[in-house]
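Lettering follows sequence order; numbering is per chain, from 1. What you see is a predicted model, and the numbers here were worked out from it, not measured in a lab.
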Number of protein chains: 2
Amino acid sequence: MGIAERREREKQEMQDLILTTAAELFLEVGMEKTSIRTIAEKIEYSPATIYLYFKDKNELLYAIHQRAFQRFFQYFQTLPQLDDPMEKLQQLGHIYFKFAFDNPAFYDLMFILKAPMDSDQTEEHWEMGARSHDVLTDLVLECQQAGHFQNKDTQVLSHMIWATVHGIVSLKIRERMKMYPEALRDQMVYDSLEMFNSILESV
Amino acid sequence: MGIAERREREKQEMQDLILTTAAELFLEVGMEKTSIRTIAEKIEYSPATIYLYFKDKNELLYAIHQRAFQRFFQYFQTLPQLDDPMEKLQQLGHIYFKFAFDNPAFYDLMFILKAPMDSDQTEEHWEMGARSHDVLTDLVLECQQAGHFQNKDTQVLSHMIWATVHGIVSLKIRERMKMYPEALRDQMVYDSLEMFNSILESV
DNA sequence: TATCATAACTGAACAACGTTCAGTAAAAAA
DNA sequence: TTTTTTACTGAACGTTGTTCAGTTATGATA
């Protein structure tokens, strides 16, 4: 009775093909140019076929979103095992940067775009968000146990640190740095992170 | 020969009516639900009429964008004349917050949305952006002259401060705080700003 | 006042979008 | 071989931004 299993396998392969193609298009040409029709064209199926594997575009977007978070965690796992938690915290910032600028369309979807989600999607989605956020919070707590950030609420401090790094990233990704000469922009992005890091060091 | 002038006046009034209606819809129901057709319906004209006053939707968006910046500057002008530049800097953060949360759709358009702009629009647009950015840079420079932020590049520091405040605001506006209990979110937003302010104070 | 020219406006259409559904083709079960 | 189930698609619907030929209204001209 391997037929049902082959069927199931083929179904998942098709779903994966759609998903992978969509994610590729997403990273290549951006969100707004990735339509159901362009995805369908690229996999050489009718647009209607996609709806046999995903309820609607939101569900597809959400699936890409999950993949994006997976990659996000892969980046996080490259965080070296350092003794100094403060150094680790600063490294985490750089890894966050690398992910964002390597995969700007993913970053968009994860942290910038107004994501219209179903209520049942929201849970899983924010489990992902919470999990990555915990990495930061744990590290901040480590820093506090090592004597840094005394008398500061861990939660609030973590959020502020995230907000700062996200702020730097999203101003760059959404091109809100045009008041600076183009040649300086990239450097300013990294200098801002470095300055933030050095300020944190002195707290 | 007041006819030509009346014509001109009427033309500008019409343009203003479209613009004001569009901005209202924008703030009321958000960007994605503000279509040329809904604007046209609200002013009881045909959609085609709007194209007699604005080249395309981008130009209309850009005009709203300008209005948004005007309001932004109005908020800035409520900045009290304080002797301590650090206190002023912190007040500026709160004013920025107030503008953003009072006019989230404007904030979206100004600092979050991927704005597709013509090259000739870009100049004026970033003149606005640069002008508001200068307010911050000048203030940071004042702080430095008063002895704060020694050995820090004014440009980079200003950008980092902006990025932090923008980060806090945009994570809230784009609903990326769902890992925190809802009752805490608003408070966390303000606490994050306060914590950032207190950290700056100690630098 | 009647005619003409210009300006203001609109209905209908276009292409592209997400989405649905009746119908076809292929494969598995009977 | 027939029947049932599955996989897929073409065509359509309603929405979007946008264009344009054609209509209506208004000021200028005679």
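- Comparing C/dG18, D/dG27, D/dT9 by their nearest atom to the side chain of B/Arg6 picks out D/dG27.
- A/Phe106 pairs by the ring-ring contact (aromatic ring centres under 6.0 Å, His included) definition with nothing, not counting sequence neighbours.
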Identify each donor-acceptor pair in which a side-chain atom of residues 71-79 of chain A lies under 3.5 Å from a protein atom, sequence neighbours left out, and give them as a table.
| unit_1 | atom_1 | unit_2 | atom_2 | d |
| --- | --- | --- | --- | --- |
| A/Arg71 | NH1 | A/Asn103 | OD1 | 2.8 |
| A/Tyr75 | OH | A/Asp102 | OD2 | 2.7 |
| A/Tyr75 | OH | A/Asn103 | ND2 | 3.4 |
| A/Thr78 | OG1 | A/Tyr75 | O | 2.5 |

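- The distance between atom CD1 of A/Ile50 and atom P of D/dC8, rounded to the nearest whole Å, is 12 Å.
- Considering only side-chain atoms of A/Tyr45, the nucleotide from D/dG17, D/dT9, C/dT10 that sits closest is D/dT9.
- Here D/dA7 is the nucleotide among D/dA7, C/dC9, D/dG17 with the atom lying nearest to any side-chain atom of A/Tyr53.
- Relative ring orientation between A/Tyr62 and A/His65 is described as parallel, the plane-to-plane angle staying below 30° on a 0-90° scale split at 30° and 60°.
- Against DNA chain C, the stretch residues 32-40 of chain A makes heavy-atom approaches under 4.0 Å through A/Ser35, A/Ile36, A/Arg37.
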Distance-only donor-acceptor pairs under 3.5 Å for side chains of residues 43-53 of chain B, two or more places apart:
| unit_1 | atom_1 | unit_2 | atom_2 | d |
| --- | --- | --- | --- | --- |
| B/Ser46 | OG | B/Ala48 | N | 3.1 |
| B/Thr49 | OG1 | B/Ser46 | O | 3.3 |

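- Between the CD atom of A/Glu44 and the P atom of D/dT9 there is a distance of 10 Å, rounded to whole Å.
- A straight line from OH of B/Tyr51 to C1' of D/dT18 spans 5 Å, rounded to a whole angstrom.
- For the salt bridge (Lys or Arg N to Asp or Glu O under 4.0 Å) test, no residue two or more places apart in sequence or in another chain qualifies with B/Glu194.
- In this structure, the nucleotide among D/dT18, C/dT20, C/dG11 sitting nearest to the side chain of B/Pro47 is D/dT18.
- In this structure, CD of A/Glu8 is placed 13 Å from C1' of D/dT6, rounded to the nearest angstrom.
- With sequence neighbours excluded, the residues forming a side chain to side chain contact (heavy atoms under 4.5 Å, CB included) with B/Thr20 are B/Asp16, B/Glu24, B/Arg67, listed by chain and number.
- Straight-line distance from the CG atom of A/Leu52 to the P atom of C/dC21: 13 Å, rounded to whole Å.
- Atoms CG (B/Leu61) and C1' (D/dG17) sit 12 Å apart, rounded to a whole Å.
- With sequence neighbours left out, A/Gln155 forms a side chain to side chain contact (heavy atoms under 4.5 Å, CB included) with A/His133, A/Thr137, A/Asp153, B/Tyr180, B/Met188.
- Defining each end axis of the helix from C/dT1-D/dA30 to C/dA30-D/dT1 as the rotation carrying four pairs' C1' atoms onto the next four, with five pairs an end, the two axes are found to diverge by 30° to 10 degrees.
- Between A/Met31 atom CE and C/dG18 atom C1' there is a gap of 12 Å when expressed in whole angstrom units.
- Ion pairing between a basic and an acidic side chain is recognised when a charged N comes within 4.0 Å of a carboxylate O; B/Glu10 and B/Arg6 show such pairing.
- Checked against D/dT18, C/dT19, C/dT10, the side chain of A/Lys57 finds its nearest nucleotide in C/dT19.
- Here D/dT18 presents its P atom at 13 Å from CZ of B/Phe54, a figure rounded to the nearest Å.
- The side chain to side chain contact (heavy atoms under 4.5 Å, CB included) test applied to A/Glu175 returns A/Lys178, not counting sequence neighbours.
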Run the side chain to side chain contact (heavy atoms under 4.5 Å, CB included) check on A/Leu60 and A/Ile39 step by step: do they pass? CA-CA 11 Å; A/Leu60 181 53; A/Ile39 299 166; 3.8 Å; yes
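- The stretch residues 9-22 of chain B has no heavy atom under 4.0 Å from DNA chain D, so no residue of it qualifies as close.
- In this model, the phosphate group of D/dT9 is approached by a side-chain N or O of A/Thr49 to a distance below 4.0 Å at OP1 or OP2.
- Applying the salt bridge (Lys or Arg N to Asp or Glu O under 4.0 Å) criterion to A/Glu41, with sequence neighbours excluded, gives no partner residue.
- Residues forming a side chain to side chain donor-acceptor pair (under 3.5 Å) with A/His166 (at least two apart in sequence, or on another chain): A/Tyr107, B/Ser170.
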